[in-house]
Amino acid sequence: MKKSVYSICGMCTVRCPIRVESENNQVTWIEGNPHLLDGALCAKGSAGAALISDTERPQQPLIREGARGAGRWKKVSWTTAYDYIADKLKTIKTEYGPESVVLSSRGGPWQGMYKTFIHAFGSPNYTNHDCTCGRNTHHASLSINGVGRKGFVYDIKNANHLVLFGRNMFASLRIAENLQTMDMLDKGGKLTYVDVRQTMTGIKATRFFQVRPGTDYALALGMIHEIIERKLYDADFIKRYVTGFEELCDFINDYTPAWAAKECGIKEKSITAFVEEVAKDSPKVIFHPGWNLSRYKDSFYASRALHILNILMGNIEMKGGLIIPKGPGDCGVKGIRSLDCPKPDIKRADGVGWKYKHFDKGPGLAHLFINNMIAEDPYPIKAWIAMRHDPFCGLPDPQQQKLAMDKCDLLVSIDTHYSEFGWYCDVILPESTYLERDTPICVQKGPKPRLAVRRKAVDPVFDTKPSWEIFKQLAERLDIGSHFPYNTIEELWDWQLEPTGFTMSDFDDKGFISLTDEVIMYDRDNLDGQFKTPSGKIEIISKKLDDAGLPSLLPYESPEKPSKGMFRLVYGRSAVHAHGHTINNPLLSELMPENKVWINKRSAAKLGINDGDLIDVIAQGSSYSGTVHAHVTEFIHPEAIYMVHGFGRQIPLQTRAYHAGISDQKLMVGKLDDWDKAGGAINLCEAFVAVRRSARNPKRRVEL
Amino acid sequence: MNKYMIHLNTKRCIGCHGCEVHCKANKGLPVGPILCEIDHKPLKSIRGVPKTEFSFRSCYHCDDPFCVPICPTGAMQKREDGIVFVDFDTCIGCMACQGACPWQIPQHNPETNKAVKCDYCMDRVDQGLKPACVSKCTTHALKFVTLEEM
């Protein structure tokens, strides 16, 4: 039987809207939702069907038989697995208290379910991957604008100029955003790209700054200086909505374009020429405040500087600028119900909220659990449940993490595939793939807010379950089932939709429910109340940072230079993989089976490395190294080497990914402790590694 | 006379290789055959920005294809609208077509042991749809062009 459903992609966490056709429970066609993306989809999206048929993923619940990480598993029924986990959790709760259990997940619209579970269980310790992703950007926005990272959407399509600092959007691929950018460029818009290497995004740029690694903040300061010096800012907007502008003017005095150019290793006249363009293009100039800015020791301040540049443009709540997302309330519609349970009034084990008061308490900071777990301070952690989160792949230094995990009596991984963490766990609960599972309804805020839902296209091929059922089943066994008021997904959907007056059939036409026909914009002259800072204004000098004893305007410090033979390790992603999630996908592995290491031509020549040679990349202390092919290019800064994240996996059942390429996070030895005290995120690009031409390059090949 | 061609707007192409997977997923191909390919030249600095030019290649659907007459079973055929395709019922997988093609366009499908090549997704074209690579191109850089209309 032929079937067509609208759904939400799950190959990466962008979650593009899709339409899926199937016949006899086989997916035959996946495309971007024609109503939103006109069919556009990326390579990963089309490789979804290959994920379903991939037999190298867990096909039924598994309980560990051998030592942790030995890969010896007993196949068990779901009932056995649920009972096993529930019994262990009950024992841990009795002996150590409910707070000794951590649950981590990916961020995104469905965190509520996982948070509800762990809060209802009695633990405040919910966390997610964001300390390795958007925490700095989030906190930067909160400190200035009083709203988080998602407090603005970028109207790129109508902008005159988009400025990206290391935001490699044509490899990260949020398709709607990519289409907007292409349309902007087609209309003659400009794209300025800043990075330590050239990327697929940079090749589309009208201006490219290849900067010294770790100097983004310097460049942003130089830009601010020139814009203020030439009085190119929106003085009315600043007078009306912004505090701290005078302090900024005083602070920025020494950070001239000439200084910035020297610091970044670029030409001064490129900066002044750039500002000349900005003068023509303002106010419709968008400085993207960064996405994965958990990179350098001052990334939080770099993101703040980018926010300040937007404020100087005065581009808030206007066409071609930063638009405040609207929700159901703005459309005169009641919001949906969502699973929720208040956080227990217990200190978090990562210290967020009591030791570190200036951070957003929501997901805390995952990396701060690790050392606390080893020290059993403020209390022991005895269980870690990872819900489609892979700490060993996402966070630096998995060997250090294992010391913390070894303190636990229970490690559980709930995932569609074998994660590096899952392989070390006691129990693996295989979640159905996104094409085989339904998920709760979510609100997608924006200028035109809508409701969206993922609906399964086919029934699960293996003995896997959707997360709504997994958490319901575990909750029932732990006597917290009342927080999950449903037995089927249909009951959950109906319960969610009830206040809105909509029904599930309203999704049938387009796959989403539009809450408004027209774009909703607030009155730009009356934005009071939109900035949730202590003063209600956009605060260049943040009271919250002041209170935490942190500067709002950080004096610049030049980044460390690598010593001889050493390189700064810089990571990123390619358009055909979603970090560690897809490395073993048959169709994606075919396109990119392993990562290479990018190295500058001159640096390579000094080490006798030619393009395509095997090179050894060695972590500090030599506890991890990998041998991979070199990509020698002039288009990367000589201080850095670059690799795509997610490779170097060590799960033998993933035959395509097993030991393919090299892992950046395993090279980041000791780097769990290198994190941003102001922004909260880990400084993932502050690791230095040794590089040498490998002895394994073939000279002769003697076989017998 | 060929009726169709696929045109790449290189300004919009971002080299994401989506088209290659859209094609394979639509045809249900295993690892091995890749029927269309995005390629690009080495980067070259143009006015301070390292740039490159992308190219898209599937099958040229030649006016006078070498792969058709060499086929011993008549499986390789050219339609009136110019589409060169493999009739899987008669293909014996000898791959003479691949040898005859100057670009070795026809590929071997290890699952079916037959030849497979770009046929502009003629089943879709016949339904008024576009080839998979064009329909789902990430940035709408690929266009399916009907030559009579130009």
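None of the values given here were measured: they were computed from a predicted structure. Chain identifiers are assigned alphabetically (A, B, ...) following the order of the sequence lines, protein sequences preceding nucleic acid strands; residue numbering begins at 1 within each chain. All values below come from the heavy atoms of this structure, side chains included, with hydrogens, waters and symmetry mates left out.
- The contact between A:Ala47 and chain B is made by backbone and side chain atoms together, counting heavy-atom distances below 4.5 Å.
- Counting heavy-atom pairs closer than 4.5 Å to chain B, the top residue among A:Ala575, A:Cys16, A:Gly39 is A:Gly39.
- Using a 4.5 Å cut-off between heavy atoms, A:Leu185 does not touch chain B at all.
- Atom CD1 of residue A:Ile583 and atom CZ of residue A:Phe647 lie 3.5 Å apart, to the nearest 0.5 angstrom.
- In this structure, the side chains of B:Val116 and B:Leu35 come closer than 4.5 Å at one or more pairs of heavy atoms.
- Taking CZ of A:Phe170 as the reference point, atom CG of A:Leu164 lies at 8.5 Å (rounded to 0.5 Å).
- Both the backbone and the side chain of B:Ala132 come within contact range of chain A, each with at least one heavy atom under 4.5 Å from a heavy atom of that chain.
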Q: Let me see the working for B:Phe144 and B:Met5 under side chain to side chain contact (heavy atoms under 4.5 Å, CB included), right down to the final yes or no.
A: CA-CA 6 Å; B:Phe144 188 54; B:Met5 68 172 286; over 6 Å; no
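- To the nearest 0.5 Å, atom CG of residue A:Leu591 and atom CD1 of residue B:Ile34 are 6.0 Å apart.
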Q) When you look at A:Ile156 and A:Met169, which way does the side chain to side chain contact (heavy atoms under 4.5 Å, CB included) test go after all the steps? A) CA-CA 12 Å; A:Ile156 296 169; A:Met169 59 152 59; 4.2 Å; yes
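- B:Pro131 places none of its side-chain heavy atoms less than 4.5 Å from the side chain of B:Cys36.
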Compile a table of inter-chain donor-acceptor pairs under 3.5 Å between chain A and chain B, counting both main-chain and side-chain atoms.
from, atom 1, to, atom 2, distance (Å)
A:Ile30, O, B:Lys136, NZ, 2.5
A:Leu37, O, B:His140, NE2, 3.1
A:Leu41, N, B:Lys136, O, 3.0
A:Leu41, O, B:His22, NE2, 2.9
A:Leu41, O, B:Thr138, OG1, 3.0
A:Ser46, OG, B:His22, ND1, 2.6
A:Ser46, OG, B:Lys136, NZ, 2.7
A:Asp183, OD1, B:Arg12, NH1, 3.0
A:Asp183, OD1, B:Arg12, NH2, 3.1
A:Asp186, OD2, B:Arg12, NH1, 2.6
A:Gln198, NE2, B:Pro50, O, 2.8
A:Ile203, O, B:Lys51, NZ, 3.0
A:Lys204, NZ, B:Thr10, O, 3.0
A:Lys204, NZ, B:Lys11, O, 3.1
A:Lys204, NZ, B:Cys13, O, 2.6
A:Ala205, O, B:Lys51, NZ, 2.8
A:Glu590, OE1, B:Lys24, NZ, 2.4
A:Glu590, OE2, B:Lys24, NZ, 3.0
A:Glu590, OE2, B:Gly32, N, 2.7

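- Taking chain A as the reference chain and counting heavy-atom pairs below 4.5 Å, the highest number among B:Gly18, B:Cys16, B:Pro50 is found for B:Pro50.
- When heavy atoms are compared at a cutoff of 4.5 Å, A:Ile175 approaches chain B solely by way of its side chain, counted from C-beta outward.
- Contact count versus chain B (heavy atoms, under 4.5 Å) is highest, among A:Ile30, A:Leu587, A:Ile203, A:Val27, for A:Ile203.
- Two residues are said to be in side-chain contact when any heavy atoms from C-beta on lie closer than 4.5 Å; B:Val21 and A:Val576 fail this criterion.
- Within the 4.5 Å cutoff, no side-chain heavy atoms of A:Ile8 are placed close to those of A:Ile18.
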